[in-house]
> 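This is the structure I have questions about; it appears just below.
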Amino acid sequence: MTETSESNATQEFWEEFYRDRDQVWSGNPNPLLVREVADLTPGTALDLGCGEGGDAIWLAGHGWRVTAVDVSATALRRAAGHAQDAGVGDRIVWAEHDLAQSFPDGSFDLVTAQFFHSPVAQADERTDVLRRAAAAVSPGGVLLIAGHAGWPSFVHEHDAPFDVHFPTIPEVIDGLGLDTTAWQVETTDEVQREVTGPDGQSGHRADTVVRIRRLR
């Protein structure tokens, strides 16, 4: 498969994902983002895989100037509308990118990738994108990565809806290949949260969060 066809397949998958429903996400910011950003001084932020804009809108409402990126034009249109409704539309730039193929220009005080998992990602695609994310962090800025540590407790591996590897915290950090004299790891945490399945099942799911500061 060529790069162009891979990009088209990615875009088609996520376009269908969002077009199938009028609203996919709650509109609330990811709790781990809120927890980890609360003590940071607002500046410029890059939100990778922004979806319908919950994180970007929260960041803008707390003083950040945000570049929010997604591969789905449908998701970006919805997000822009939500931002206007929230009164922060002038603080967010919406940008359509397949991050495996193109990446926003510039450097940022905060680069955030929240639950950046894809059933159509190619091998090592996530790691490659996160390395580019690290390169976009300004000196003194923060790279924030949150992800799932596994499927919910009521999903058995043989019943999983798609095949994906959920990286451990050491795998995330090692995959970035950072110069340890230029970066400081500030947060490595795994948290459990209660979740409800599509058929009303109660369970829990583990998530990981890594916050790393660029020193120079």
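Reckoned from all heavy atoms, side chains included, excluding hydrogens, waters and symmetry mates.
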> Checking Arg131 side chain against Gly175 main chain: does a donor-acceptor pair fall under 3.5 Å?
yes
> What's the separation between atom CZ in Phe13 and atom OG in Ser118, rounded to the nearest 0.5 Å?
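Result: 6.0 Å between the selected atoms.
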> Do the side chains of Asp70 and Arg78 get close enough for a salt bridge, i.e. N-O under 4.0 angstrom?
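Between Arg78 and Asp70 there is no salt bridge, as every charged N stays at least 4.0 Å from the carboxylate O atoms.
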> Should Val172 and Leu99 be regarded as members of a common hydrophobic cluster, given that ILVMFWY residues are connected when their side-chain heavy atoms come within less than 4.5 Å of each other, either directly or indirectly?
yes
> Between Asp47 (side chain) and Val66 (backbone), is there a donor-acceptor pair under 3.5 Å?
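Pair absent, no side-chain N/O of Asp47 close to backbone of Val66.
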> May I ask you to decide if Gly63's main-chain N or O and Arg91's side chain share a donor-acceptor pair within less than 3.5 Å?
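Between the backbone of Gly63 and the side chain of Arg91 there is a qualifying donor-acceptor contact (under 3.5 Å).
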> Between OG1 of Thr168 and CG of Asp174, what distance do you get to the nearest 0.5 Å?
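That separation rounds to 7.5 Å.
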> Counting the benzene-type ring for Trp, do His97 and Phe103 have ring centres under 6.0 Å apart?
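Judged by ring-centre distance (under 6.0 Å), His97 and Phe103 do not meet the cut-off.
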> Say whether Leu76 and Trp64 are linked into one hydrophobic cluster, either directly or through other cluster members, by side-chain heavy-atom distances under 4.5 angstrom.
yes
> Would you confirm whether Glu125, through its side chain, and Gln122, through its main-chain N or O, come within 3.5 Å as a donor-acceptor pair?
yes
> Rounded to the nearest 0.5 Å, what separation is found between the CG atom of Leu143 and the CZ atom of Arg214?
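Leu143 CG to Arg214 CZ: 10.5 Å, rounded to 0.5 Å.
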> Classify the ring geometry of Phe115 against His148: parallel below 30°, tilted from 30° to 60°, perpendicular beyond 60°.
tilted
> Using side-chain heavy atoms (C-beta onward) and a distance below 4.5 Å, is Leu144 in contact with Val111?
no
> Short question: side chain of Gln114, backbone of Ile145 - any donor-acceptor pair under 3.5 Å?
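No, the answer is negative, given that no donor and acceptor are paired below the 3.5 Å cut-off.
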> Just wondering, do Leu40 and Val142 contact through their side chains at under 4.5 Å, heavy atoms?
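Answer yes - side chains close enough.
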> Report yes or no: do Phe116 and Leu32 belong to one cluster of Ile/Leu/Val/Met/Phe/Trp/Tyr joined by side chain heavy-atom distances under 4.5 Å?
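Each belongs to a different hydrophobic cluster.
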> Output the distance between atom CD1 (Ile173) and atom CG (Leu130), rounded to the nearest 0.5 Å.
12.0 Å
> Where the side chain of Asp109 meets the backbone of Gly43, is there a donor-acceptor pair that is under 3.5 Å apart?
no
> Okay, side chain of Arg213, backbone of Gly140: is any donor-acceptor separation there less than 3.5 Å?
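Yes, because the side chain of Arg213 sits within donor-acceptor range (under 3.5 Å) of the backbone of Gly140.
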> Mark yes when over 12 heavy atoms from residues, nucleotides or ligands other than Glu16 sit less than 6.0 Å from its CD; otherwise mark no.
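Counting neighbours around CD of Glu16, 12 or fewer heavy atoms of other residues, nucleotides or ligands fall under 6.0 Å, so no.
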> Could you give me the CA-CA distance, side-chain angles and deciding distance for Thr196 and Gln201, then say whether side chain to side chain donor-acceptor pair (under 3.5 Å) is met?
CA-CA 5 Å; Thr196 302; Gln201 315 98 307; over 6 Å; no
> Enter the distance from Ile212:CD1 to Thr187:OG1 here, rounded to the nearest 0.5 Å.
9.5 Å
> Kindly say whether Ile92 contributes a backbone atom to a donor-acceptor pair with the side chain of Arg65 at under 3.5 angstrom?
no
> Just by modelled atom types, is the Phe108 backbone N or O under 3.5 Å from a matching donor or acceptor in the Ser138 side chain?
yes
> Measure the OG1-CD distance between Thr10 and Glu15 for me, rounded to the nearest 0.5 Å.
12.0 Å
> Please check: side-chain N/O of Thr188 versus main-chain N/O of Val210, any donor-acceptor pairing under 3.5 Å?
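Checked: no pair found.
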> I'd like to know if Asp179 pairs up with Arg216 as an ion pair, taking the criterion as any Lys NZ or Arg NE/NH1/NH2 lying under 4.0 Å from an Asp or Glu carboxylate oxygen.
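Between Arg216 and Asp179 there is a salt bridge, with a charged N closer than 4.0 Å to a carboxylate O.
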